[in-house]
Amino acid sequence: MISTKYVDENTIGVVAIMGVTYTGMYEPVEQISEALDRIEERTGLDVRIHVDGASGGMIAPFIQPDLAWDFRVKRVYSISTSGHKYGLVYPGLGWVVWRETADLPESLIFKVSYLGGEMPTFALNFSRPGAQVLLQYYMFLRLGFDGYRRVQQTSHDVAKYLSGEIEQMDDFTLWNDGSDIPVFAWMLNDKPDRKWNLYDLQDRLRMKGWLVPAYPMPVDLTQVTVQRIVVRNGFSHDMAEAFIKDLKSCVKYLDGLRSPMPSEARASGFHH
Ligand SMILES: *Cc1c(COP(=O)(O)O)cnc(C)c1O
């Protein structure tokens with residue numbers, strides 16, 4: 001059940017996330033839209049949706065084509081995505097699209113008089129490198145729709161394999177299994193005498209070269225700690241098997257401890 005208590009006459013829009021940072025799960029855009037329909041019936045407020053498709057915007061069209069999360073949902077007026085995530089290019093590129101030209105407020109567009117011509121621009125003005133756009137364009141041409149579909153499907157298959165293996169381990173419970181974007185998280189089961197936690201496991205994995213962050217969930221769930229894997233192009237099935245082997249050996253090592261790991265000097269989480 002979607003709560004509607006946060007929407008009132010001051011709401012300028014609702015953002016639905018396709019691929020929540022913490023878990024990789026899709027938010028239910030269609031159900032959010034239906035909840036907004038009910039609010040409109042009751043109050044007359046017509047609230048639009050922006051979809052933050054930073055990751056999912058480059059996954060769903062290729063491997064979940066039947067999922068309606070985009071302009072098929074009529075309350076969705078704008079969608080943003082990041083080229084540097086599942087667009088498969090280096091950092092620094094993302095874009096936003098509006099349903100129709102009229103939906104981008106005129107006041108956001110700068111009209112610059114430049115060397116005798118008028119240049120409308122909705123971007124950072126003036127000299128910027130174009131390399132990022134160029135690589136994205138190249139990747140679209142190089143891989144095409146089917147190439148992207150195959151790359152994303154492979155990441156998806158690897159994520160499902162990994163989550164399946166982790167699900168079978170006694171210490172863990174999956175939060176989700178990577179069937180939305182190829183990202184998933186898991187929690188530690190209760191076990192009275194365990195001498196370690198997910199932060200200790202994170203540190204052990206790091207010694208073997210794997211960066212698998214453990215972190216608390218957001219507000220209202222901060223008591224839950226999860227650990228997350230993000231699968232992208234290049235994380236092959238072979239690497240996934242090697243990871244599972246390392247994960248099992250780290251758990252075995254930690255299970256062999258006779259007293260808890262010291263926690264005072266632990267580096268706090270993950271650093272960009
Ligand atoms: C990564 C991410 C962002 C930020 O996008 P950038 O292109 O890295 O600035 C915003 N929202 C979500 C859900 C993300 O995963």
Side-chain angles (χ1 to χ4, degrees), residues 17-27 52 54-56 59 82 84-86 91 154-272:
I17 305 174
M18 285 293 283
V20 173
T21 308
Y22 291 85
T23 61
M25 291 171 77
Y26 291 154
E27 290 189 329
D52 174 350
S55 296
I59 293 287
S82 305
H84 67 92
K85 292 182 178 169
Y86 290 98
T154 300
S155 296
H156 202 251
D157 293 345
V158 170
K160 294 279 287 188
Y161 161 75
L162 285 165
S163 68
E165 290 291 313
I166 290 172
E167 185 175 30
Q168 285 172 35
M169 294 174 69
D170 291 339
D171 290 291
F172 307 124
T173 298
L174 293 181
W175 182 276
N176 62 310
D177 70 354
S179 23
D180 291 345
I181 61 172
V183 170
F184 66 96
W186 65 92
M187 301 165 287
L188 207 50
N189 291 334
D190 286 334
K191 184 172 147 196
D193 295 326
R194 191 188 281 117
K195 303 283 189 293
W196 54 276
N197 59 31
L198 291 178
Y199 296 102
D200 301 317
L201 179 56
Q202 161 191 275
D203 292 346
R204 293 302 306 178
L205 284 168
R206 193 172 188 136
M207 286 178 217
K208 292 185 181 285
W210 302 104
L211 294 179
V212 190
Y215 50 90
M217 292 289 264
V219 177
D220 290 346
L221 271 180
T222 49
Q223 77 285 3
V224 179
T225 299
V226 297
Q227 193 162 15
R228 184 190 76 165
I229 285 181
V230 174
V231 178
R232 273 198 59 192
N233 184 34
F235 192 8
S236 65
H237 200 89
D238 286 355
M239 282 172 77
E241 282 178 11
F243 171 78
I244 292 296
K245 225 170 126 203
D246 283 344
L247 177 66
K248 287 179 177 166
S249 91
C250 290
V251 167
K252 196 166 168 213
Y253 169 87
L254 291 166
D255 276 342
L257 295 174
R258 272 177 299 163
S259 55
M261 291 290 276
S263 59
E264 297 76 28
R266 182 181 294 126
S268 62
F270 176 76
H271 297 282
H272 277 281

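Basis for what follows: all heavy atoms, side chains included, without hydrogens, waters or symmetry-related copies. Counting begins at 1 with the first residue of the sequence.
Minimum interatomic distance between Val158 and Ala240 (heavy atoms only, all atoms of both residues): CG1-CB, 3.8 Å. Scanning both residues, Gln227 and Val212, for their nearest heavy atoms gives NE2-O, 3.0 Å. Of all the heavy atoms in Leu198 and Thr225, the pair that sits closest is CD1-O, 3.6 Å. Shown here for Tyr22 and Pro216, the closest heavy-atom pair between the two residues is CE2-O, 3.7 Å. A pairwise comparison of heavy atoms in Tyr215 and Thr21 identifies OH-O, 4.3 Å as the closest pair. Met169 and Val251 make their closest contact through CE-CG2, 4.0 Å (heavy atoms, listed as atom of the first residue, atom of the second, distance).
Atom NZ of Lys245 sits in a sparse spot, with 12 or fewer heavy atoms from other residues, nucleotides or ligands closer than 6.0 Å.
Relative orientation of the Trp210 and Phe243 rings is perpendicular, given thresholds of 30° and 60° on the angle between their planes.
No side-chain donor-acceptor contact under 3.5 Å links Arg228 to the backbone of Gly24. Checked by atom type and distance alone, the side chain of Gln202 pairs as donor or acceptor with a backbone atom of Ala214 at under 3.5 Å. Looking at Asp246, its side chain never comes within 3.5 Å of a backbone N or O of Lys208 through a donor-acceptor pair. With hydrogens and angles ignored, the 3.5 Å screen pairs a side-chain donor or acceptor of Arg232 with a backbone N or O of Lys85.
Between atom CG of residue Leu254 and atom CG of residue Leu257 there is a gap of 5.5 Å, rounded to the nearest 0.5 Å. Distance check, rounded to the nearest 0.5 Å: CG of Leu174 to OG of Ser163 gives 5.5 Å. Taking CZ of Arg206 as the start and CG of Leu211 as the end, the distance is 5.0 Å to the nearest 0.5 Å. Rounded to the nearest 0.5 angstrom, Glu27 CD and Ile17 CD1 are separated by 4.5 Å. Between the OG atom in Ser82 and the CG atom in Asp52 there is a gap of 7.0 Å [rounded to 0.5 Å]. Rounded to the nearest 0.5 angstrom, Asn233 CG and Tyr86 OH are separated by 10.0 Å.
The side-chain heavy atoms of Glu167 and Trp186, taken from C-beta on, include no pair separated by under 4.5 Å. Side-chain contact between Arg194 and Asn189 is present, with at least one heavy-atom pair separated by less than 4.5 Å.
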Quiz prompt | CA sep, side-chain torsions, deciding dist, call: Glu241, Tyr161, side-chain contact (heavy atoms from CB on, under 4.5 Å) | solution = CA-CA 9 Å; Glu241 282 178 11; Tyr161 161 75; 3.2 Å; yes
Exercise. Take Val231 and Leu162 through the test side-chain contact (heavy atoms from CB on, under 4.5 Å) and record every step on the way to the result.
Key: CA-CA 9 Å; Val231 178; Leu162 285 165; 3.9 Å; yes
Exercise. Could you walk me through whether Leu247 and Leu201 pass the side-chain contact (heavy atoms from CB on, under 4.5 Å) test, one step at a time?
Key: CA-CA 8 Å; Leu247 177 66; Leu201 179 56; 3.9 Å; yes
Exercise. I would like to know whether Ile229 and Ile166 meet side-chain contact (heavy atoms from CB on, under 4.5 Å); could you show each step before the answer?
Key: CA-CA 11 Å; Ile229 285 181; Ile166 290 172; 4.1 Å; yes
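Under a 4.0 Å N-O distance rule, the pair Lys191/Asp170 does not qualify as a salt bridge.
For the residue pair Ser179 / Asp177, a side-chain donor-acceptor distance below 3.5 Å is found, with atom types taken as modelled.
Tested against Trp196, the residues Asp255, Asp171, Asp203 include a single side-chain hydrogen bond (donor to acceptor under 3.5 Å, both in side chains) partner, Asp255.
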